[in-house]
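Note that the structure is a prediction, hence the values are computed from the model and not measured. If you read the sequence from its start, that first residue is 1, and numbering goes on from there.
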Amino acid sequence: MTSEKPPPGVDLTRPSIARVYDYYLGGKDNFAVDRRAAEMALKVTPDGPEVGRACRAFLRRAVRYLAAEAGIRQFLDLGSGLPTQGNVHEIAHGVDPAARVVYVDNDPMALAHGRALLADAQTTTVAEGDLRQPEKILEHPEVRRMIDFDQPVGLLLLAVLHHLSDDEDPGGIARRLTAALPSGSYLAISHFHNPGDAHPEVSRRALAVEKVFNETLGTGRWRTHQEISAYFGDLEMLPPGLVPLADWHPVGDESRQTDIYHTIVGGVAHKP
């Protein structure tokens, strides 16, 4: 940014997850404190920005699949972050302009930018909410106004559960959210991944980056395949299952492997 003057409510003494991702994606809605945190992680894994790009590519493919193939017409995106190219509503509206989308975040900057972007929108809105309080999100007036919980919903938990500590019970939160969804709904998750003994050098780097994230952002967990799979509960996983992001319905060169190939995975599941 050309100016380090933040919008009201933005704390410049601590880095923000949303703004660090924005920096990795080449955005301008970040501050010096965010860039310092990001650069510390880059010293451990220089391919870090590829994580942000891989997450956005997975979002695009998952939303397009849910809208075009599964017929989903309403999406609830939790921990949506700062608006960037290829937002959920843009992808969904490419299939059906009447599709409804609710973005939920607790970052003041993400909320301000989202509301400015969607000021005149009829089918898309932004709601303030904390993932650690799922019932409040589900009962939020904007969520209830836009989402019909008698019809299938596409619930997006993309690059957000790994910012909950084990003590905050991310599995329990995922279960409480999916329990509120009607039959025919879908859950999409992407999550930092520690491959463990299968790829020991990658695992070592994952643990090193996890340490940096927790020292700077105060959050970030690289979990095992088994731990992440459990977040889908008894939902039916769609092929190819929980896989490195590049392997989920790849398009073009998005399937290429990089140093971060094994360190973030994703999948989509159906609620019968």
K.L.:
Between Thr224 and Asn194, do the side chains contain a donor N or O and an acceptor N or O under 3.5 Å apart?
P.N.:
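There is no such pair between these side chains.
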K.L.:
List the residues meeting side-chain contact (heavy atoms from CB on, under 4.5 Å) with Gln74, not counting sequence neighbours, and say none if there are none.
P.N.:
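Gln74 satisfies side-chain contact (heavy atoms from CB on, under 4.5 Å) with Arg100, Ile147, Asp148, Gln151, Val153 only.
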K.L.:
Do Arg56 and Asn87 pass the side-chain contact (heavy atoms from CB on, under 4.5 Å) test, and can you show the C-alpha distance, the side-chain angles, and the key distance before you say yes or no?
P.N.:
CA-CA 9 Å; Arg56 296 306 298 187; Asn87 293 303; 3.6 Å; yes
K.L.:
Quick one: does Leu245's side chain get under 4.5 Å of Cys55's, heavy atoms only?
P.N.:
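Yes - at least one pair of side-chain heavy atoms lies under 4.5 Å apart.
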K.L.:
Holding to salt bridge (charged side-chain N to carboxylate O under 4.0 Å, His left out), I want the full list of residues that pass it with Glu236, two or more places apart in sequence or in another chain.
P.N.:
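With neighbours one apart ignored, the set is empty.
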K.L.:
Does Arg14 have more than 12 heavy atoms from other residues, nucleotides or ligands lying within 6.0 Å of its CZ?
P.N.:
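Open: at most 12 neighbouring heavy atoms sit under 6.0 Å from CZ of Arg14.
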K.L.:
Check whether any side-chain heavy atom of Thr263 sits under 4.5 Å from a side-chain heavy atom of Arg205, and report yes or no.
P.N.:
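Not touching, per the 4.5 Å side-chain cut-off.
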K.L.:
Quick check: closest heavy atoms across Trp222 and Glu210, and the distance to 0.1 Å?
P.N.:
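Heavy atoms of Trp222 and Glu210 come nearest at N-OE1, 2.7 Å.
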K.L.:
Which residues pass the side-chain contact (heavy atoms from CB on, under 4.5 Å) test with Glu69, not counting sequence neighbours?
P.N.:
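With neighbours one apart ignored, the set is Tyr65.
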K.L.:
Could I get the full list of ring pair (Phe, Tyr, Trp, His ring centres under 6.0 Å) partners for Tyr103, not counting sequence neighbours?
P.N.:
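Partners of Tyr103 by the ring pair (Phe, Tyr, Trp, His ring centres under 6.0 Å) criterion, ordered by chain and then number, come out as His89.
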K.L.:
Return the set of residues passing ring pair (Phe, Tyr, Trp, His ring centres under 6.0 Å) with Tyr186 (not counting sequence neighbours), or none when no residue passes.
P.N.:
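So Tyr186 forms a ring pair (Phe, Tyr, Trp, His ring centres under 6.0 Å) with His270.
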K.L.:
Answer whether the closest heavy-atom distance between the side chains of Arg73 and Thr123 falls below 4.5 Å.
P.N.:
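With C-beta onward as the side chain, the pair stays apart.
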K.L.:
Salt bridge check, Arg35 against Glu39: does any charged N sit closer than 4.0 Å to a carboxylate O?
P.N.:
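Looking at Glu39 and Arg35, the cut-off is not met.
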K.L.:
With a 4.0 Å cut-off, would you call Arg221 and Asp166 a salt bridge?
P.N.:
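Looking at Asp166 together with Arg221, the answer is yes, because their closest N to O distance falls below 4.0 Å.
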K.L.:
Quick one: do Leu155 and Leu238 end up in the same hydrophobic cluster if we chain Ile, Leu, Val, Met, Phe, Trp and Tyr together by side-chain heavy atoms under 4.5 Å apart?
P.N.:
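Cluster IDs for Leu155 and Leu238 differ.
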K.L.:
Do you reckon Val101 sits in the same ILVMFWY cluster as Leu59, going by side-chain contacts under 4.5 Å, direct or chained?
P.N.:
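Yes, Val101 connects to Leu59 through the hydrophobic network.
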K.L.:
Tell me if the CD atom of Glu201 is crowded by more than 12 foreign heavy atoms within 6.0 Å.
P.N.:
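Yes, because the 6.0 Å sphere around CD of Glu201 holds more than 12 heavy atoms from other groups.
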K.L.:
Hey, mind stepping through Leu177 and Leu138 against side-chain contact (heavy atoms from CB on, under 4.5 Å) and telling me if it holds?
P.N.:
CA-CA 8 Å; Leu177 289 166; Leu138 294 169; 4.1 Å; yes
K.L.:
Are any of the side-chain heavy atoms of Glu128 and Arg115 separated by less than 4.5 Å?
P.N.:
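Answer yes - side chains close enough.
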K.L.:
What closest approach, in Å, do Thr216 and Pro15 show between heavy atoms, and which atom pair accounts for it?
P.N.:
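Taking Thr216 first and Pro15 second, the nearest heavy atoms are O-CG, 3.2 Å.
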K.L.:
Consider only side-chain heavy atoms of I, L, V, M, F, W and Y, link residues closer than 4.5 Å, and tell whether Leu66 and Val243 are in one cluster.
P.N.:
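Result: yes, single cluster for both.
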K.L.:
May I ask you to test the Phe31-Met109 pair for a side-chain heavy-atom distance under 4.5 Å?
P.N.:
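Yes, their side chains come closer than 4.5 Å.
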K.L.:
Suppose we screen for ring pair (Phe, Tyr, Trp, His ring centres under 6.0 Å). Which residues come up paired with Tyr231, at least two apart in sequence or across chains?
P.N.:
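Result, ring pair (Phe, Tyr, Trp, His ring centres under 6.0 Å) vs Tyr231: His191.
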K.L.:
CD of Gln122: more than 12 outside heavy atoms within 6.0 angstrom?
P.N.:
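Not more than 12 within 6.0 Å, no.
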K.L.:
Does one hydrophobic cluster hold both Leu78 and Leu164, with members joined at side-chain heavy-atom distances below 4.5 Å?
P.N.:
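The answer is yes; both residues are in one hydrophobic cluster.
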K.L.:
Taking the side chain as every heavy atom from C-beta outward, state whether Phe58 and Ile264 have any pair of such atoms under 4.5 Å apart.
P.N.:
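No - every pair of side-chain heavy atoms lies 4.5 Å or more apart.
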